[in-house]
Structure formats: structure tokens, C-alpha cells
Amino acid sequence: MLVMSWRFFRRSQGADVISIQADDFDPNAEYQALRQSGPDTGAIATFTGLVRISGDHSGVTGLFLEHYPGMTEAVIQQLIDQASERWNILTARVIHRIGPLPLGDQIVFVGIASRHRGDAFAACEFIMDALKTSAPFWKKEINQEGEHWVEQKTSDLERSESW
Amino acid sequence: MLVMSWRFFRRSQGADVISIQADDFDPNAEYQALRQSGPDTGAIATFTGLVRISGDHSGVTGLFLEHYPGMTEAVIQQLIDQASERWNILTARVIHRIGPLPLGDQIVFVGIASRHRGDAFAACEFIMDALKTSAPFWKKEINQEGEHWVEQKTSDLERSESW
Amino acid sequence: MTEALSDTFTVRFFARLREELGVEEMTLKAEPGLTTGRVLEQLASRGGPWSQLKNGQPVMIAVNQAMAKEATAVNAGDELAFFPPVTGG
Amino acid sequence: MTEALSDTFTVRFFARLREELGVEEMTLKAEPGLTTGRVLEQLASRGGPWSQLKNGQPVMIAVNQAMAKEATAVNAGDELAFFPPVTGG
């Protein structure tokens, strides 16, 4: 029983990926990497966030993403560790872009490979929700009238606290 | 205000896809299609289920998926409709494979494009959970010792009823 | 004697039930006031593997490809289906 | 007069705060019993845009790249950071 439990919770954190990058990412490459989480991989949940036209203001043409190098990666690793304590995760991959991002561009990717769908969904959504209120990124929104820093939303705080 | 609400909930159901197929599917093609849900697409949540080695029995080498042609598609359409009433969905894509599926193969894909991540996650997980207890598919599991029909799990019923 | 098509309904079986009953589809004669529960009772009374339709594992019921209950009316031209709890996904 | 490196700590500002204060990074002298809240008070007393550090929108605090509170101790060699609530994802 002890051995079973150990096997059940074992995971190769070496396969986890955290990347903060200016370049675009390829969700398919991430998905294919998540599929390589061993023969007990039964569920892959992914989330991708995109720059949308209706932000805090209307007619968004792009974002500028600033971050706190070093701290950002450390916070995301903590979120993955927290998720791994609560749910059965085989592999976690988190990518977040920084710098200028035009309308329609990919901003963030969170992907979880797990044995069961409940763990994959929960870990993926938890990491996204917690990232939005605890990882040091700041979004400047650009539209026809100029640019402004996005304010943190109460709904994001509530979602994050609900976990 | 009325016009705003109408715009907010409008979606082009023509872009929804339901496919029951023996052939493998390409999650990346599905993701790219979901990205084409218009400039207000801010969130894409996807789920892929895979044949895993630990099923009802150990050492699973493959599955055989049977379904009820016609009814399956109708039930999945109803699930998408129910999800659309509860959450703000831009596009939904659901693929489920039938026939023989070896270990590691993709079984099911559910992808949701939405404005916000909460809607995308909820709709994607709801459709997966409800599909598992209401869409007429049956799984026969194959391992070294033979084959047997998989029994429905109480946990799946509970998850489905929790929505 | 061939039954008139307009007097009959179809019953389909899937998965474990199809295998254990050895039947994929059958045509039965409709009667006034018939319900899916009554059809199950009539089929179960055949004995052997058929008894499981009333006394075995749970049976799910569809009428015209929509989930139904034992009280659901059965009319000529209907497509009934009996199957085990579903296990896709 | 140059302060000895071993007596100092660093303060970094990000996003809106960095822009409104016009400062990205500064070096301050450590004192016994110093806390991040006391550093905020000292900086706010400079007046002008600095007052917002005590009387403006919420300020998040990190010490050595981990979230901290106003009571968190500040020691020589530390890296403090003050920034607006985060808005990534």
C-alpha cells in the first residue's frame, strides 16, 4: 500500500517547464511534450490566453507585458509545487510572454498532464487563477486613445482566493 | 444595455464542431480553429483524453469504443447547448473516437473558445463530465488477460451531478 | 405472417447487453398504452440472459435517440434502445 | 560620500509605480530594526508622487523576490521591490 502510494504520487519534475519569453510559443509543441508523460497519462488539460479586443477599455490594439525577472519564475514554480501537493500531476508546463503583444497574440499557456481529468482540470485552472494574482506581471493596454496600466480585478482576487 | 447584452451572448454556432470518428484527430488543428473565434477571443481551454495503461484492470493494451450513431451526436449537441446557456462560449469543438484504440492513443477532445477563462474552463469541464455519463459510448478494455466492458464509475456520476 | 410496418417499433441493444443477449436489433408489435418499462418486462420474461433486463445491472433506456424512463410511452414507429450505463470519454 | 555596499539594500519599482516615481532602482542605507513598512513611510515623506506609497493605490511588497508584508524586516543586502497589484495572464 505504501509502495502503491509512492508510485501514485511520483512524478518527474524534470519534465516540468516554466518559460518567460518575448517570443511566441507553440501550444502544439507543449501538448506533444505533455503527451510524453508516460503510459499512465490519461488526461491533458490546456489553457491559452489571447490578447482580446475588449479589455479594460474597448478597441484594444495590443498589450505591453512587464515582469519581475527571477521572482516571476520562482512564484510560478511555487504554484506548480502547490498544485502538485493537492492534485496528481504528471507534468506541468507554463509559458508566459513579455514585451509588446499585438491583438490576437498568445499571452500565456498552462498545460497539465495527469492520470485523471479532474486533477488535470483543477491544477490547470488553479495555476491560471493563482498566477493572475500572485505572479509579478503587469499589463499595459494600448488602444486608439493611448495606453494605460490595467487594474487588478476584484473577480480575479475572488477566483484566486476560492481555491 | 439590451444591445450590449445581445452582442455579449451572440455566437456563431456554425463554427461548433461535433465529430464521432474512427480516425485519429489533430488537437492543434482544433486549437487553431478555436483561435478563429473573432477578435474578442481571450481564452481557449482544451481537454484531451488518452488511453492509459491503468484502467479498470492493469496492463491495458487498448480499448474498443462502441457508440449509438445519431443519438451520440444529438446528446453532445445538447450538452453544448446547455453549456452555452450557462457560460459565454464563442466556439465549442468536441471529437470522440470509436473503434479500436491502442495504448497512448487520443480518445476524446473538448475545446472551448471564450472571452474569459472562467467560462472556457467551466464549459470544457462540464461538457467532459456530462459526456461521460450521458453520451452513449461504451468502452471495452483489453489487457493481457482478455477483454471486458468497463463499468460506469460512481465518481463519474457524482462529478456529472455536481454541475 | 408479416406484421404491418406501421404496427411495429424497433428495439436496439448496445455493448454488453447486445453481446449477452446475442441480439443487435429486433422488431416488436406496438400495443395501446405500451411503455418502455412494459417492454422490458415482456423481454425479461423470456428468461435466460433476458432476465437481466429486470433483475440485473442497471439498464439505460432511449426512445427515438433521447434518454427515456420506464414510464415513457412506446408508439408504432418508435426506435427504442436498451444499454448499460455509458462509459465514454 | 559613498556608502559601503554591506550597509545598503536595494529597492526596485515596477510598472505604474516605476513610471510615476521616475525611478527603476535605488540603493538605501540599512538601519537596525528596519521594516518594509518603515521604508515605505520614509519614501512617502519625500512628497509629490512618492506620497502614493502610503496614501495611494495598494502597493505590493517583495523582499528578496518573495511576497512580503509591511512588518517584514529589511537587512543590508536585501532586494526590496514595490509594485502595483499584478495583472498578468
Side-chain angles (χ1 to χ4, degrees), chain A residues 18 20 47-52 55-56 63-79 94-99 101 106-110 124-141 147-157 159-160, chain D residues 5 8-28 35-37 39-40 43 48-89:
Chain A
I18 297 171
I20 315 298
F47 177 83
T48 313
L50 307 169
V51 181
R52 57 191 281 264
D56 273 15
L63 299 177
F64 186 90
L65 256 298
E66 180 173 331
H67 82 306
Y68 186 168
M71 180 169 170
T72 318
E73 292 85 344
V75 168
I76 294 174
Q77 184 61 59
Q78 285 161 14
L79 298 182
V94 179
I95 303 177
H96 202 297
R97 290 178 69 198
I98 51 171
L101 300 178
Q106 302 179 137
I107 307 170
V108 59
F109 175 89
V110 177
C124 189
E125 190 167 7
F126 164 80
I127 290 173
M128 262 312 300
D129 283 351
L131 183 153
K132 282 192 89 91
T133 57
S134 69
F137 291 104
W138 301 273
K139 215 177 252 168
K140 186 178 263 185
E141 208 172 80
E147 51 181 55
H148 66 276
W149 291 101
V150 172
E151 301 285 333
Q152 193 176 62
K153 284 163 195 62
T154 309
S155 58
D156 282 335
L157 276 176
R159 287 183 66 89
S160 184
Chain D
L5 263 178
T8 63
F9 62 94
T10 309
V11 184
R12 300 177 69 174
F13 301 96
F14 289 94
R16 181 176 49 70
L17 274 186
R18 175 181 48 72
E19 284 187 352
E20 292 180 5
L21 302 178
V23 179
E24 189 167 331
E25 189 169 331
M26 61 193 340
T27 303
L28 297 176
T35 62
T36 61
V39 174
L40 277 176
L43 292 173
W50 295 92
S51 348
Q52 70 177 294
L53 293 178
K54 285 310 286 180
N55 304 311
Q57 297 177 57
V59 174
M60 292 179 85
I61 305 166
V63 174
N64 297 328
Q65 308 198 352
M67 289 299 183
K69 303 189 171 179
E70 297 214 355
T72 305
V74 176
N75 297 301
D78 279 351
E79 174 179 301
L80 268 62
F82 298 125
F83 44 78
V86 305
T87 56

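What you see is a predicted model; the values in this text were computed from it and never measured.
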TODO: Against chain D, label A:Gln78 side chain, backbone, both or neither, depending on which of its atoms sit under 4.5 Å from a heavy atom there.
DONE: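 Contact with chain D: none, neither part.
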TODO: Check each atom of A:His148 against the heavy atoms of chain D and say whether the ones under 4.5 Å are side chain, backbone, both or neither.
DONE: neither
- [ ] Would you please classify the geometry between the D:Trp50 ring and the D:Phe13 ring as parallel, tilted or perpendicular, with 30° and 60° separating the classes?
- [x]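 Ring orientation, 0 to 90° scale: perpendicular.
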TODO: Taking D:Thr72 for its side chain and D:Lys69 for its backbone only, find out whether a donor-acceptor pair lies under 3.5 Å.
DONE: yes
TODO: Compute the centroid of each ring, for A:Trp149 and then for D:Phe83, and state whether the two points are separated by less than 6.0 Å.
DONE: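 No, the ring centres sit 6.0 Å or more apart.
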Task: A:Glu66/A:Lys140 salt bridge by N-O under 4.0 Å criterion - done: no
Task: Closest contact, heavy atoms only, A:Gln152 versus D:Thr87 - done: N-CG2, 3.6 Å
Can you tell which of [options] has the highest number of heavy-atom pairs within less than 4.5 Å of chain D?
options                                : value
A:Val150, A:Leu131, A:Ile107, A:Val110 : A:Val150
A:Met128, A:His96, A:Lys132            : A:Lys132
A:Tyr68, A:Phe137, A:Phe109            : A:Tyr68

